Amino acid sequence: MNQQPASVPSTTQPGPGLSLNCGYGTDRGLRRELNEDSFIASDPVFAVADGMGGHEAGEIASGMCVRTLAAIPQLSTGDRSVTAAVLQQYLLRADNSIREATGARAGTTLTGAVVVEQMGMPYWLVMNIGDSRTYRLSQGRFEQISVDHSEVQELVDAGEITPQQATVHPRRHVVTRALGTGDETEADYWLLPVEEGDRVMVCSDGLTSELTDEHIHRILSTAGHPQDAVDALIQAALRSGGRDNITVIVVDARNVLNDAGAATTAPRRDPSAEDEVTLPRGQAVQATTQPLPQQEDNAGQEKPAAREDSAAQEGVAGREQAAGQNPDDGTEVPR
């Protein structure tokens, strides 16, 4: 497991005010031959892409997606002025590049948070396409921000199955939106004010397929440093089976300016002093996290997992061989 790509700083504070501290890691898992996840963890962008297609095609797709993100001028310079419209423009470029490189035989999910500033106040600009996930632990409240683009999520929304049934449904790996394949490439976006003590987690479904939200919440609530949280989450997923690639980023926000322009330094509330809040896997977030305008889903494809990239702003997962174990794909080639 390569948890600390050397050129990606774990603490970022470009100037007075908001300070971000992050940890990140990725693991091939116990059954996959390759790691097809890619990620970027460099202020102001923290995102995970989960490739699909197998036979290294997913690795290509997720890597191209992350490199396209890293090339956005506002992000490559650390500026916090990017908008959802700019992000979508570059995601469309990534989609076209992946289709040209793979003949539309591979694709990738993408989820994450970009820190932006509006009128001097910081916000999380959360993006999502596919079934990787972005969560936030804020003031003791744990919630899934992103909403899965998957067949089982549609069944949950229609009331045909419960969130618990979705976790074991035979079609749980089929995604309805992705970059590089299918007909729908529009991401969903949410704009959330950054609160003092916020902890944001971005992950591939190799984590959420192994751990319940309650388990994830417990680890995020008790681990002090973001890297400690990442390490504990990955190890817990491996102990639960590690059937897919696992990639996790955890970002803490400190020294957030309040409305009067003063920095606040109140610690994150201790969740151990209150009841745990467990969000069902498919539940949409509440009124404080309403998504920006979006389009309807209509694609339909399925995915495996992951990789990382060793360039300055990407993590690269090693292709370690799991002794005595064979790949267990168990997923379909995207349609």
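What you see is a predicted model; the values in this text were computed from it and never measured.
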Next item on the list: Give a yes or no answer on whether the side chain of S76 reaches the backbone of P73 with a donor-acceptor pair at less than 3.5 Å.
Entry: yes

Check: Counting distance only, does the side-chain N/O of E210 pair as donor-acceptor with the main-chain N or O of A236 below 3.5 Å?
Finding: no

Checklist line | Sequence-distant partners of E160, salt bridge (charged side-chain N to carboxylate O under 4.0 Å, His left out), two or more places apart | finding: none

Item checked: Any donor-acceptor pair under 3.5 Å from D205 side chain to S132 backbone -> no

Margin query: To the nearest 0.5 Å, what is the distance between CD1 on I72 and CG on L87?
Written below: 5.0 Å

Next item on the list: Report the C-alpha distance between M64 and T102 in whole Å, list the side-chain angles of each, state the deciding distance to 0.1 Å, and finish with yes or no for side chain to side chain contact (heavy atoms under 4.5 Å, CB included).
Entry: CA-CA 11 Å; M64 293 181 73; T102 67; 5.7 Å; no

Next item on the list: Would you check if Q118 and L191 make a side-chain contact, meaning some heavy-atom pair closer than 4.5 Å?
Entry: yes

Check: Under 3.5 Å, is there a donor-acceptor pair between the side chain of R105 and the main chain of A57?
Finding: no

Next item on the list: Just jot down the side chain to side chain contact (heavy atoms under 4.5 Å, CB included) partners of A47, sequence neighbours excluded, or say none.
Entry: I40, V45, L69, L110, M127

Note to self: Just verifying a value: how many Å separate T208 OG1 and Q144 CD, rounded to the nearest 0.5 Å?
What the structure shows: 8.0 Å

Next item on the list: Would you check, one step at a time, whether the test salt bridge (Lys or Arg N to Asp or Glu O under 4.0 Å) holds for D244 with R32?
Entry: CA-CA 6 Å; D244 204 344; R32 300 293 188 191; 3.2 Å; yes

Item checked: For G29 against L238, the heavy-atom pair lying closest together -> CA-CD2, 3.9 Å

Check: Looking at S38 and E59, what are the two nearest heavy atoms and their distance?
Finding: OG-O, 4.4 Å

Checklist line | 4.5 Å side-chain heavy-atom contact, V126 and R136 | finding: no

Note to self: I'd like to check T185 versus R99 (side-chain heavy atoms, cut-off strictly below 4.5 Å). Are they in contact?
What the structure shows: yes

Next item on the list: Under the side chain to side chain contact (heavy atoms under 4.5 Å, CB included) rule, collect the residues that match up with D79, sequence neighbours excluded.
Entry: Q74, T77, S81

Note to self: What I want to check is whether the side chains of S62 and T108 have a donor and an acceptor closer together than 3.5 Å.
What the structure shows: no

Item checked: Interatomic distance, T247 atom OG1 to I234 atom CD1 [nearest 0.5 angstrom] -> 7.0 Å

Next item on the list: List the atom of A41, the atom of Y24, and the distance in Å for their closest heavy-atom pair.
Entry: CB-CD2, 3.6 Å

Note to self: Check whether Q139 reaches the backbone of E196 with its side chain - one donor and one acceptor, N or O, closer than 3.5 Å.
What the structure shows: yes

Check: Which of these, V114, L125, D43, L75, sits in a side chain to side chain contact (heavy atoms under 4.5 Å, CB included) with R80?
Finding: D43

Notebook entry, point to check: Under the criterion side chain to side chain contact (heavy atoms under 4.5 Å, CB included), which of H217, M201, E143 is the partner of L137?
Noted result: H217

Checklist line | Flag for Q227-D231: side-chain donor and acceptor within less than 3.5 Å | finding: yes

Check: Taking atom types as modelled and ignoring hydrogens, do the side chains of D252 and H225 form a donor-acceptor contact shorter than 3.5 angstrom?
Finding: no

Notebook entry, point to check: If only atom types and distance count, is the side chain of N245 paired as donor or acceptor with the main-chain N or O of T26 below 3.5 Å?
Noted result: no

Next item on the list: Report the distance from atom CZ of F39 to atom OG of S204, rounding to the nearest 0.5 Å.
Entry: 11.0 Å

Notebook entry, point to check: CG/L207 to OG/S240 distance, rounded to the nearest 0.5 angstrom?
Noted result: 9.0 Å

Item checked: side chain to side chain contact (heavy atoms under 4.5 Å, CB included) against N128, all qualifying residues, sequence neighbours excluded -> T111, S146, H149, W190

Next item on the list: Kindly indicate whether the side chain of W124, heavy atoms from C-beta on, has any atom under 4.5 Å from the side chain of V251.
Entry: yes

Checklist line | V66 to A49 - nearest heavy-atom pair and separation | finding: CG2-CB, 4.0 Å

Check: Tell me, do V48 and I249 make a side-chain contact under 4.5 Å, heavy atoms counted?
Finding: yes

Margin query: Treating E184 as the side-chain partner and E186 as the backbone partner, does any N or O pair qualify as donor plus acceptor under 3.5 Å?
Written below: yes

Item checked: Considering all heavy atoms, the nearest V200-A113 contact -> CG1-CB, 4.4 Å

Notebook entry, point to check: With side chains defined as the heavy atoms from C-beta onward, is the minimum distance between R133 and I216 less than 4.5 Å?
Noted result: no

Notebook entry, point to check: Minimum heavy-atom separation for P122 to V256, with atom names?
Noted result: CG-CG1, 3.9 Å

Next item on the list: Mind checking the CG-CG spacing from L20 to D198? Nearest 0.5 Å is all I need.
Entry: 10.0 Å

Check: Sequence neighbours excluded, which residues qualify as side chain to side chain contact (heavy atoms under 4.5 Å, CB included) partners of Q89?
Finding: R93

